[in-house]
Amino acid sequence: MDGKSQGRGQAVLIYILPALLDMVLSLVLFVGTVRVIKMGGDATRAASVLAVWSIVYVVTSPLIGRLVNSGNARRFILGGCLLFALSSGLLAVATGYSAMLALVGVCAVATALFFTPFQVFMKDVDSAGGRSVAYSTGLYTFSWSTGSACGPFVAGFLLQLGKPATAGGEGPGWRYAFLFGAAVCLLMPVVLAFVSGGRTRRPAAPAATPTPTANARYSSMPDLAWLGWIGAVAGFAALSIVRAIFPARAMGPLHLSESTLGSIFFVLSMTQALLGLALMRSRYWMYRALPVAAFAVAGIIGMLCLGFGNTPLMLIAGAAFFGIYSGAFCFYMVFHALVHPKRAGHYVAVNESLVGITGFLAPLLGGVMADAWGIHFPYLVAALLTLAAMTFQVWIHGKTKLVNSEQ
């Protein structure tokens with residue numbers, strides 16, 4: 001195997017790390033939300049799990065970003081894995097609501113310790129040239145989305161292990177789920193050591209051929225990162241409402257089991273992952289109105305199915321439609337943030353802030369709306385917000401002149 005092939009294999013292996021971390025993160029948020037509902041909490045209280053994680057993450061990430069560099073990134077990643085293992089293990093013995101929220105906040109710190117340095121580490125490791133921004137964005141979207149899909153799916157079945165002490169109460173399954181997450185985090189340093197060990201054993205392969213043309217096709221394209229942020233606000237608000245409010249509807253009026261709820265979330269995130277993989281070969285749809293509108297329409301359909309559907313088939317279909325939308329707006333946001341390298345660092349920081357802020361505000365507002373005006377109301381608001389963002393994006397794309405000759 002030549003150096004180039006080894007470098008590519010190593011780069012793919014690195015993507016296992018965010019997949020595993022996101023699997024544990026989505027498991028923790030899913031189990032925490034389900035636990036609040038099982039303890040008799042309303043929609044607002046259930047939404048507080050995601051809200052607490054989001055606000056701590058958005059505050060912590062910039063602080064860590066100022067400290068991390070290529071030399072210490074691996075130590076930060078290792079610290080994030082170990083802190084997440086510790087906090088997930090402690091969640092397995094935290095019986096109260098307040099203690100659980102505090103530990104979810106610690107999980108947010110661990111997440112920031114991992115993901116912010118991981119981007120620095122990945123940039124340092126992935127020296128193989130010739131990959132377009134679309135390729136890297138699609139592969140990364142596939143990686144973390146696959147992890148997000150597996151977390152609730154696994155947790156849904158673990159939650160059903162053992163019998164609850166009282167009818168409708170909690171069994172011991174939530175403890176097993178948190179312990180499973182802790183075990184996965186303890187295995188992640190093995191993957192990190194393997195990747196890092198491979199780097200130290202192998203001399204850096206000389207760059208084969210300079211590949212400045214990989215992203216040259218986008219150099220003259222308009223800078224639309226700001227438009228990605230508008231789409232992301234609507235998209236992540238809708239996604240946060242689904243993740244935080246849907247469990248209350250599923251386990252309340254619809255009387256779905258934990259495993260069925262986890263399977264619905266699996267379909268959503270796995271559809272998102274597969275779309276990210278399919279978009280790896282994208283060229284110019286990110287600059288055109290019709291594809292952006294089509295993806296948003298899929299999201300609106302999915303949102304309405306999840307908000308008003310009453311059968312598992314309709315809910316699964318809604319999850320798949322929404323997964324198409326979420327995969328597209330995640331790809332769209334990251335692509336426009338990275339495609340102009342000189343501003344990529346600032347744009348990625350804005351991306352992370354928007355994810356955290358919407359993840360904090362949207363669940364809480366959605367919970368308040370659900371408790372005040374009914375469980376369906378947040379879905380209507382999210383659908384209207386998506387429609388408004390789509391309309392604006394389509395208008396901007398329609399009036400923006402593309403100057404690349406290949407389009």
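The first residue of the sequence shown is numbered 1, and numbering continues consecutively from there.
- Residues Trp285 and Phe295 place their aromatic rings such that the two centres sit under 6.0 Å apart.
- Of the possible polar contacts, none joining the Ser240 side chain to the Ala237 backbone as a donor-acceptor pair under 3.5 Å is found.
- Using a 4.5 Å heavy-atom cutoff, the side chains of Leu354 and Val350 are in contact.
- For the pair Phe308 and Leu380, the minimum side-chain heavy-atom distance is below 4.5 Å.
- At distances below 3.5 Å, at least one donor-acceptor pair connects side-chain atoms of Thr358 with backbone N or O atoms of Val355.
- No side-chain heavy atom of Ile357 sits under 4.5 Å from any side-chain heavy atom of Ile55.
- Less than 6.0 angstrom separates the ring centroid of Phe329 from the ring centroid of Phe236.
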Under the side chain to side chain contact (heavy atoms under 4.5 Å, CB included) rule, what do Phe246 and Met251 come out as? Steps first, then yes or no, please.
CA-CA 9 Å; Phe246 182 71; Met251 301 185 68; over 6 Å; no

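- Looking only at side-chain heavy atoms (C-beta outward), Thr386 and Met303 stay at 4.5 Å or farther from each other.
- In this structure, Gln160 contributes its side chain and Ser259 its backbone to a donor-acceptor pair below 3.5 Å.
- For Phe266, the CZ atom sits in a packed shell: over 12 heavy atoms of surrounding residues, nucleotides or ligands are nearer than 6.0 Å.
- Not a single donor-acceptor pair under 3.5 Å links the side chain of Ser87 to the backbone N or O of Val106.
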Go through Leu91 and Cys107 one step at a time and tell me if the side chain to side chain contact (heavy atoms under 4.5 Å, CB included) criterion holds.
CA-CA 10 Å; Leu91 278 166; Cys107 288; 4.0 Å; yes

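- The backbone N or O of Thr95 sits less than 3.5 Å from a side-chain atom of Arg35, completing a donor-acceptor pair.
- The closest donor-acceptor contact from the side chain of Arg243 to the backbone of Gly359 lies at 3.5 Å or more, if one exists at all.
- Ser145 places no side-chain N or O within 3.5 Å of a backbone atom of Phe142 that could act as its donor or acceptor partner.
- In this structure, Phe322 has its ring center closer than 6.0 angstrom to the ring center of Tyr325.
- The main-chain N or O of Phe84 is never found under 3.5 Å from a side-chain atom of Ser88 such that the two would form a donor-acceptor pair.
- No donor-acceptor distance shorter than 3.5 angstrom exists from the side chain of Asp371 to the backbone of Arg45, with no hydrogens or angles considered.
- Distance alone, capped at 3.5 Å, is enough to place a donor-acceptor pair between the Thr44 side chain and the Val368 backbone.
- Qualifying ring pair (Phe, Tyr, Trp, His ring centres under 6.0 Å) partners for Tyr379, counting only residues two or more places apart in sequence or in other chains: none.
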